[in-house]
Structure formats: structure tokens, C-alpha cells
Amino acid sequence: DAPDPPPPPPPGADGKVHCARCLGCNVVLSRLDGTVNTSTLDAPIRTSVGRSGAAVLAGRTRDRGDVIVKMTCGVPGGYRQFPSLGPTPPCADADPSAACPVRGGKVGHGRCNYAFISALDQIAVDANLSRVVGRSWTAEVRSFLPSQKKSSEKDSTSNDASDDGSGGVKLNGVLAQWFERAKGVPAVEIYSGGSRLTREVWDFTKNVDRDDLFAAATWDFLLGETDRHGENVLLDDSDVPNGGTVKLRLIDNDNALTVDEHTAISSFLVPGTKWWRILRNVRYGHHRMCCVGSIFHETESPGAPVPERTDPGEHDKADACGRLGDEELLGPEVVFDPRCHASGRFIGTALPPGVETWLRALGKNSTAEIMARYPGLVSPKRAAALKTRAEEYLEGGYEFALLREFSRAKMMDCKEDDDAWFAGGKNVPGDGKKKTDENANVSASLSPFKWRLNEPCCSLSPSGNCN
């Protein structure tokens with residue numbers, strides 16, 4: 001006779017039976033709440049959980065180990081990444097004949113997003129840049145949504161204030177994008193949230209792997225990344241105690257190759273672009289404002305009084321402290337400028353190993369051939385943008401290609417100091433509100449990108465000035 005089956009586990013406090021094993025599952029999911037510790041910093045650092053409205057969950061698999069599972073639509077049970085974001089919507093592109101949007105990462109689209117990210121994965125392989133981008137693939141999820149902490153178990157790091165009731169809901173064939181789980185903590189938390197700007201943090205910064213940084217900056221430029229802020233870069237110092245370096249990994253690459261008229265490269269790893277200027281001149285939080293004194297400041301008192309801003313129409317616009325040029329107080333992010341790690345602080349035609357071969361293939365191939373290699377790009381405009389950057393880099397090097405990129409770009413933030421634009425709370429293009437005639441005229445008059453390519457600042461004094 002067959003042995004009796006084991007007794008089922010008793011119901012939990014919610015009255016449901018929670019199994020110890022997930023039979024038929026291909027991943028066991030959990031929420032991304034909590035903090036992690038680094039090897040060289042004392043302060044615990046908050047984990048990055050994503051704020052786009054997509055379901056972003058940690059997972060453990062038998063074959064691939066720890067993963068991140070991202071579902072931008074079609075998650076049942078009313079799942080919410082955050083209470084304020086609303087449930088993850090149904091998939092607008094479930095019909096294979098539905099046209100895909102040209103912009104990646106749009107919540108409410110699944111198949112199209114996943115095809116694009118898989119195309120980026122193939123590009124990373126071809127360009128030999130997977131070590132800083134990580135591997136990714138599309139697959140169905142067979143699992144159950146994780147239960148949330150009870151209110152009595154929550155702490156200040158939890159990303160939710162209330163239970164959305166989706167815990168235990170079955171995921172049977174929901175399409176998702178899967179990622180190798182990268183180690184590390186978000187750069188934004190190192191420099192603004194989880195840790196003070198101490199000398200230990202500065203030492204941490206100086207240990208960032210230069211080859212990784214150059215590879216990541218190369219990826220962001222060539223792929224036209226438009227949203228590379230400090231939450232989308234992970235830094236892993238686990239090998240530093242053994243004499244190693246702080247490794248760098250790029251995450252959330254959905255906004256690469258955005259080709260609409262008023263969107264340009266924006267990465268704090270690419271000099272002169274929007275996020276580079278934000279982190280150089282303004283940065284996050286009250287104690288990171290450039291007017292607040294030393295990067296090693298240990299007290300709560302602010303720095304010197306903020307000078308009045310000068311005329312924003314001057315050629316070299318003032319920063320948030322009213323300082324011109326390179327006189328602004330800076331933070332450690334400035335040394336993420338890839339030029340700081342090149343001979344003579346000039347990159348020229350240098351490239352990470354393996355990238356030149358890929359660029360020459362792009363230059364030789366037609367747009368149609370590039371699309372055939374990477375069909376998830378959806379739009380030939382994306383393939384053309386890749387080909388153009390490849391040809392310009394090979395023609396004149398990094399700085400040449402970057403200035404050519406600036407000369408083509410039209411950006412909203414070139415008008416960020418224009419009183420005619422912002423006075424009276426006028427509408428900004430793309431905010432979903434009706435545009436006035438005046439707004440339309442300003443939008444039509446946007447000039448090419450005029451921000452100069454500042455000299456790199458590769459060393460800081462204890463006062464926070466460029467050394």
C-alpha cells in the first residue's frame with residue numbers, strides 16, 4: 001500500500017494554508033522591502049524597489065539562482081508596487097497584431113517592452129558589455145504573488161503602507177521580463193539617503209572600478225540612455241575587503257534609445273547631459289544642495305548664505321547657488337565622469353574591449369540589417385540612432401560624438417530658466433494638460449542643446465570645491 005500523504009500545514013493567521021513548497025512553480029517570489037549592508041560602510045542602505053507602477057519582485061529559481069522579475073502589465077489580484085500607484089494595469093499589447101510604442105518601459109505594455117529589453121540584452125552581448133548591464137530574458141511566470149508584511153511587522157524601510165490583498169494570488173503563465181539579480185546598493189542611497197557624506201563614503205567612491213565605469217558610460221552614450229539617475233546604478237563593494245574594487249551594474253534600462261523629438265541623453269555618467277548636471281550642481285536632498293558647504297560636513301547647520309542668482313541668460317548659466325562655471329560645490333558623483341579615468345582626461349577613440357568590433361558592424365550594416373538583428377527595437381529610428389552614434393564615435397571619438405549629439409538635441413530643460421515658460425505655472429509639453437498658444441510657440445522655438453561640455457572635475461578638496 002502507498003504511504004499516507006503528509007498532513008497539510010495548519011492555516012496561518014489569515015485563515016489560509018501556506019505551503020512550504022511551490023509545486024509546479026518556476027520561481028518563488030518575494031517583495032523587495034528592506035535594507036542591505038555594504039562591506040565597507042556602517043550604515044544600512046535601502047533597497048531599490050522601482051516606482052513606475054510595474055510589478056518588480058525578487059525571485060529564487062532552481063536553474064538561474066536569484067533573479068528579478070518585472071511585469072509591466074497583466075498582474076492579477078490588484079497587485080500594487082506602491083499603494084499610491086494603483087494596480088498594475090492589463091496589457092494593451094496582448095494582441096500580437098497590436099502596434100508597439102516606440103518608447104520603452106511603458107506600463108500597460110508587456111510583449112512590446114519585453115521584446116525591446118531582450119533586444120538590449122542581445123546588443124549588450126554583441127558589444128561585450130553584459131558585465132555592466134547583466135543578462136535578461138522573457139519567460140512566463142508560474143508562481144504565487146508574495147504576501148505583504150503585516151502592519152505590526154513593517155518597518156521604516158517597507159515600500160508599502162497597507163496590504164493590497166494580492167498575496168497568494170496565482171500567476172499561471174503571466175509573461176514577464178527576467179533579470180539576473182545584481183548585487184549592490186543604489187548609488188542614490190550612498191550619496192543622499194542611507195549614508196552621511198563621510199570620508200568613508202569618499203573612500204568608497206574612489207574604489208569604484210574604472211573599467212566598469214567606462215563600460216557603463218559607453219553603454220549609456222551609445223544606447224542613448226535618458227533616465228540614468230542614481231537609483232538605476234548599483235554599487236557592490238563586497239570584494240573590497242579582499243583587495244578588489246566596487247563593481248558597478250546598470251539596471252532599469254527601459255528608457256534607452258528614446259527617439260522622440262524633445263528627449264535627449266540624460267545620464268550622470270555622460271558629461272553635459274541633464275542628469276550629469278543635476279547631480280553635479282543640485283543633487284538630492286537638503287544636505288546635498290550645493291549651497292550647504294563641505295561634502296564632509298558632519299553637522300546639521302547649513303553653509304554660507306546662498307548668493308543671489310545671476311542673470312540666467314548669461315552664456316554659462318549659474319547653478320542653484322548662483323555660482324558660475326566650475327565654482328560650485330560638488331559631490332563625489334563628479335568622479336563618475338568617464339574622462340576622469342582616461343589618459344590625459346580625454347577619451348578620444350578609446351573603447352572598452354570588444355565594443356569597436358560591434359561599432360564597425362553597425363556602421364557597415366544598413367538600418368534594415370540592424371533591425372533584422374535586433375527586431376525588438378520596433379522602430380527603424382532606433383536603429384538609425386545606433387548607427388549614427390557608432391559612425392560618429394569611429395570618425396572622431398567620444399567627445400566629438402557627444403558634441404554632435406548635443407548639436408542635434410532639442411530639450412525642454414534648455415528653457416528651464418525661461419520666465420516666459422514657467423511664469424504663472426504654465427503648462428509643460430507632455431504633462432497631459434491642454435497647451436496654450438504661448439506654450440506651443442515656446443515648444444516650437446526650442447533651440448539645439450547649448451550646454452557646454454564642462455571640463456572634468458576629478459578631485460575634490462574637503463570643502464567640496466574642485467581640487
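Since this is a predicted model, take the numbers as computed values, not measurements.
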Would you check, one step at a time, whether the test side chain to side chain contact (heavy atoms under 4.5 Å, CB included) holds for N232 with V188? CA-CA 8 Å; N232 291 338; V188 66; over 6 Å; no
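- D209 has its side chain out of reach of L248: every pair of non-hydrogen atoms, C-beta onward, lies at least 4.5 Å apart.
- Between the side chain of E369 and the backbone N or O of S366 there is at least one donor-acceptor pair closer than 3.5 Å.
- Contact check for E140 versus V174: no side-chain heavy atoms found under the 4.5 Å cut-off.
- Residues V107 and P89 meet the side-chain proximity criterion, which asks for heavy atoms closer than 4.5 Å.
- D236 and R249 are not joined by a salt bridge, as no carboxylate oxygen comes within less than 4.0 angstrom of a charged side-chain nitrogen.
- A ring-ring contact (aromatic ring centres under 6.0 Å, His included) check over residues 359-404, counting only residues at least two apart or in different chains, returns the pairs F221-Y398.
- Residue E392 holds its CD atom at 10.5 Å from CG of L402, rounded to the nearest 0.5 Å.
- We find that R64 and E180 are not joined by a salt bridge, their nearest charged nitrogen and carboxylate oxygen being 4.0 Å or further apart.
- For the pair R135 and W178, the cation-pi test (distance below 6.0 Å, angle within 45°) is failed.
- Looking at heavy atoms from C-beta onward, T357 lies out of side-chain contact with N128 at the 4.5 angstrom threshold.
- Between E225 and R228 there is a salt bridge, since at least one side-chain N of the basic residue sits less than 4.0 Å from a carboxylate O of the acidic one.
- Formation of a donor-acceptor pair under 3.5 Å by the S130 side chain with backbone atoms of V133 is not found in this model.
- Looking only at distances, no side-chain donor or acceptor of D93 sits under 3.5 Å from a matching main-chain atom of C100.
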After noting the C-alpha distance and the side-chain angles of V132 and F214, does the key distance pass the side chain to side chain contact (heavy atoms under 4.5 Å, CB included) rule? CA-CA 10 Å; V132 291; F214 185 31; over 6 Å; no
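- A side chain to side chain contact (heavy atoms under 4.5 Å, CB included) with M71 is found for one member of L57, T88, V56, N113 and no other, namely L57.
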Decide yes or no on disulfide bond (SG atoms under 2.5 Å apart) for C457 and C340, but give the supporting numbers first. CA-CA 7 Å; C457 174; C340 290; over 6 Å; no
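- To the nearest 0.5 Å, atom CD of residue E395 and atom OG1 of residue T349 are 12.5 Å apart.
- Remark: side-chain polar atoms of T258 are paired, donor with acceptor, to backbone N or O of N255 under 3.5 angstrom.
- Note that CD1 of I123 and CG of L129 are 10.5 Å apart. Values are rounded to the nearest 0.5 Å.
- Distance check: T245 OG1 to D212 CG gives 6.5 Å after rounding to the nearest 0.5 Å.
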Please determine whether side-chain hydrogen bond (donor to acceptor under 3.5 Å, both in side chains) holds for the pair T138 and S118, giving the CA-CA distance in whole Å, both sets of side-chain angles, and the decisive distance to 0.1 Å. CA-CA 7 Å; T138 304; S118 293; 3.1 Å; yes
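- With hydrogens and angles ignored, the 3.5 Å screen pairs no side-chain donor or acceptor of S266 with any backbone N or O of D227.
- A salt bridge between D254 and K70 is present, with a side-chain N of the basic residue lying under 4.0 Å from a carboxylate O of the acidic one.
- Between L359 atom CG and D126 atom CG the span is 11.5 Å, to the nearest 0.5 Å.
- Under a 3.5 Å cut-off, the side chain of K387 and the backbone N or O of N365 do form a donor-acceptor pair.
- Nearest heavy-atom pair across P76 and V169 is CG-CG1, 3.8 Å.
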When you look at L145 and L171, which way does the side chain to side chain contact (heavy atoms under 4.5 Å, CB included) test go after all the steps? CA-CA 7 Å; L145 288 173; L171 302 177; 3.8 Å; yes
Check step by step if side chain to side chain contact (heavy atoms under 4.5 Å, CB included) holds for W275 and T226. CA-CA 9 Å; W275 269 114; T226 62; over 6 Å; no
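- Shown here for A182 and L234, the closest heavy-atom pair between the two residues is CB-CD1, 3.8 Å.
- At least one donor-acceptor pair closer than 3.5 Å links the side chain of N26 to the backbone N or O of R142.
- Using a cut-off of 4.0 Å between Lys/Arg side-chain N and Asp/Glu carboxylate O, R360 and E356 are scored as salt-bridged.
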Between D121 and S136, does a side-chain hydrogen bond (donor to acceptor under 3.5 Å, both in side chains) hold up when you go through it step by step? CA-CA 6 Å; D121 176 72; S136 176; 5.6 Å; no
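- Here NE2 of H229 is found 12.0 Å from CG of L269. Values are rounded to the nearest 0.5 Å.
- When atom types are taken as modelled, the side chain of T72 and the backbone of H109 share a donor-acceptor pair closer than 3.5 angstrom.
- Side-chain contact between V185 and D237 is absent, with no heavy-atom pair separated by less than 4.5 Å.
- The minimum heavy-atom distance between D220 and S267, with the atom names listed, is OD2-OG, 2.7 Å.
- Residues V69 and F179 form no side-chain contact, since every pair of their non-hydrogen atoms from C-beta on lies 4.5 Å or further apart.
- The minimum heavy-atom distance linking S143 with V28 is given by the pair OG-CA, 4.1 Å.
- Annotation: cation-pi pair R382/F116 present, NZ/CZ under 6.0 Å from the ring centroid and within 45° of its normal.
- No side-chain donor-acceptor contact under 3.5 Å links K170 to the backbone of F144.
- The closest side-chain heavy-atom distance from L235 to K247 is not below 4.5 Å.
- Remark: F336 pairs with F268 by the ring pair (Phe, Tyr, Trp, His ring centres under 6.0 Å) rule, at least two apart or across chains.
- Considering all non-hydrogen atoms of both residues, G59 and V27 come closest at CA-CG2, 3.6 Å.
- Here the closest heavy-atom approach between residue P338 and residue P271 is recorded as CD-CD, 4.1 Å.
- The main-chain N or O of R345 is never found under 3.5 Å from a side-chain atom of R339 such that the two would form a donor-acceptor pair.
- A heavy-atom distance below 4.5 Å is not found between the side chains of V246 and T205.
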